[in-house]
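Encoded as structure tokens, the structure appears first; notes follow it.
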Amino acid sequence: QVQLVESGGGLVQAGGSLRLSCAASGRTFSTYAMGWFRQAPGKEREFVATISRSGGMTYYADSVKGRFTISRDNAKNTVSLQMNSLKPEDTAVYYCAQSRVVAGTARESYEYNYWGQGTQVTVSS
């Protein structure tokens, strides 16, 4: 039912910026918290950021706090991740996900039941 498609990934040098976007097809997009996760080669998927159903609450992993900003536009069924001051450690495939949470944010993988295909972000040093 729900399809998520990420875009905006690419190659950037350390200190640069990228903005990722995720377009959702579901009719209930505005009902649920959304999130971004990332996975680097040889590592498990890790939480990056989450935003509540109406955009009023956000939560970030310590590793990206102060550098990344998550936002959503429920009228357009999109969620974005603005990434500034990028570091080589940010290199990963970034995934957009829709959770089952209707109140507050969703910080754990098990809270999500729909995932996008991922978009590659590579930060060179």
Side-chain angles (χ1 to χ4, degrees):
Q1 293 274 40
V2 173
Q3 296 182 37
L4 305 172
V5 180
E6 302 96 334
S7 62
L11 174 65
V12 65
Q13 63 182 10
S17 299
L18 280 176
R19 184 177 180 86
L20 306 183
S21 294
C22 172
S25 64
R27 296 186 292 108
T28 59
F29 175 81
S30 63
T31 303
Y32 303 104
M34 299 290 293
W36 287 94
F37 290 75
R38 66 187 183 186
Q39 186 169 25
K43 296 184 178 180
E44 288 194 318
R45 186 171 298 181
E46 67 172 341
F47 166 78
V48 175
T50 180
I51 187 167
S52 60
R53 59 190 288 181
S54 296
M57 298 175 60
T58 59
Y59 185 82
Y60 301 89
D62 288 342
S63 59
V64 307
K65 196 173 302 180
R67 300 187 298 121
F68 290 11
T69 302
I70 188 171
S71 61
R72 68 191 298 162
D73 187 340
N74 288 344
K76 297 181 179 179
N77 268 30
T78 59
V79 60
S80 299
L81 185 69
Q82 178 66 47
M83 305 185 294
N84 298 326
S85 302
L86 283 162
K87 305 174 180 179
E89 309 94 272
D90 296 319
T91 295
V93 175
Y94 283 70
Y95 297 90
C96 172
Q98 181 173 303
S99 79
R100 300 184 296 273
V101 174
V102 298
T105 56
R107 310 176 185 181
E108 303 289 344
S109 295
Y110 72 82
E111 298 179 287
Y112 294 84
N113 52 0
Y114 295 101
W115 298 81
Q117 83 290 344
T119 186
Q120 177 70 48
V121 172
T122 303
V123 184
S124 64
S125 59

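Basis for what follows: all heavy atoms, side chains included, without hydrogens, waters or symmetry-related copies.
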*Please report the shortest heavy-atom distance between S54 and R72, naming the atom on each side.*
C-CD, 4.4 Å

*Which pair of heavy atoms, one from V101 and one from A106, lies closest together, and at what distance?*
CG2-CB, 3.8 Å

_Could you check whether atom CD of Q117 has more than 12 heavy atoms from other residues, nucleotides or ligands sitting under 6.0 Å from it?_
yes

*Sole candidate of Y112, Y59, W36 that passes side chain to side chain donor-acceptor pair (under 3.5 Å) when paired with T50*: Y112

*asked:* If I compare all heavy atoms of G8 with all of L18, which pair ends up nearest, and what's the gap?
replied: O-CD2, 3.9 Å

_Hphob cluster co-occupancy, Y95 + Y32, side-chain heavy atoms under 4.5 angstrom_ = no

*Starting at CG of L81, measure out to SG of C22 and round the result to the nearest 0.5 Å.*
10.5 Å

*Under-4.0 Å salt bridge between D62 and K65*: yes

_Any heavy-atom pair between the side chains of V123 and K87 that's under 4.5 Å?_
no

*T119 side chain to E6 main-chain N or O, any donor-acceptor pair under 3.5 Å?*
no

*Distance in Å, I51 CD1 paired with S99 OG, rounded so as to fall on 0.5 Å steps*: 11.5 Å

*Quick one: closest heavy-atom pair of A33 and G104, and the distance?*
CB-O, 3.5 Å

_Quick check for you: to the nearest 0.5 Å, what is the distance between F47 atom CZ and R107 atom CZ?_
7.0 Å

*Treat each ILVMFWY residue as a node, draw an edge where side-chain heavy atoms are under 4.5 Å apart, and state whether L4 and V121 are in one component.*
yes

*asked:* I'd like to know if the side chain of R27 reaches the main chain of Q1, judged simply by a donor and an acceptor atom lying under 3.5 Å from each other, with no hydrogens or angles considered.
replied: no

*Under 3.5 Å: donor-acceptor pair, side chain of T105, backbone of T58*: no

_Is it the case that the side chain of S30 and the backbone of N74 share a donor-acceptor pair, with hydrogens and angles ignored and the cut-off at 3.5 Å?_
no

*asked:* Please give me the minimum heavy-atom distance between N84 and S17, naming the atom from each residue.
replied: OD1-OG, 2.9 Å

*Any chance you could measure L11, atom CG, to Q120, atom CD, to the nearest 0.5 Å?*
9.5 Å

*What's the spacing between N77 CG and T28 OG1 if we round to 0.5 Å?*
9.0 Å

*So which heavy atom on R67 is nearest to which on S85, and how close?*
NH1-O, 3.0 Å

*Is there a chain of hydrophobic side chains (I, L, V, M, F, W, Y, each step under 4.5 Å between heavy atoms) that links M34 to W115?*
no

_Any Q82 side-chain heavy atom under 4.5 Å of S71 side chain_ = no

*Identify whether the distance between the nearest side-chain nitrogen and carboxylate oxygen of E46 and R38 falls below 4.0 Å.*
yes

_Let me confirm one number: the OH-OG distance from Y94 to S7, rounded to the nearest 0.5 Å._
15.0 Å

*Can you establish whether the number of heavy atoms outside Q13 located under 6.0 Å from its atom CD is more than 12?*
no

*Without swapping roles, check the side chain of Q98 against the backbone of Y114 for a donor-acceptor pair under 3.5 Å.*
no

_Cluster link F37 to Y60, ILVMFWY, side chain under 4.5 Å_ = no

*Please answer: with hydrophobic residues joined when any side-chain heavy atoms are less than 4.5 Å apart, are V79 and V48 in the same cluster?*
yes

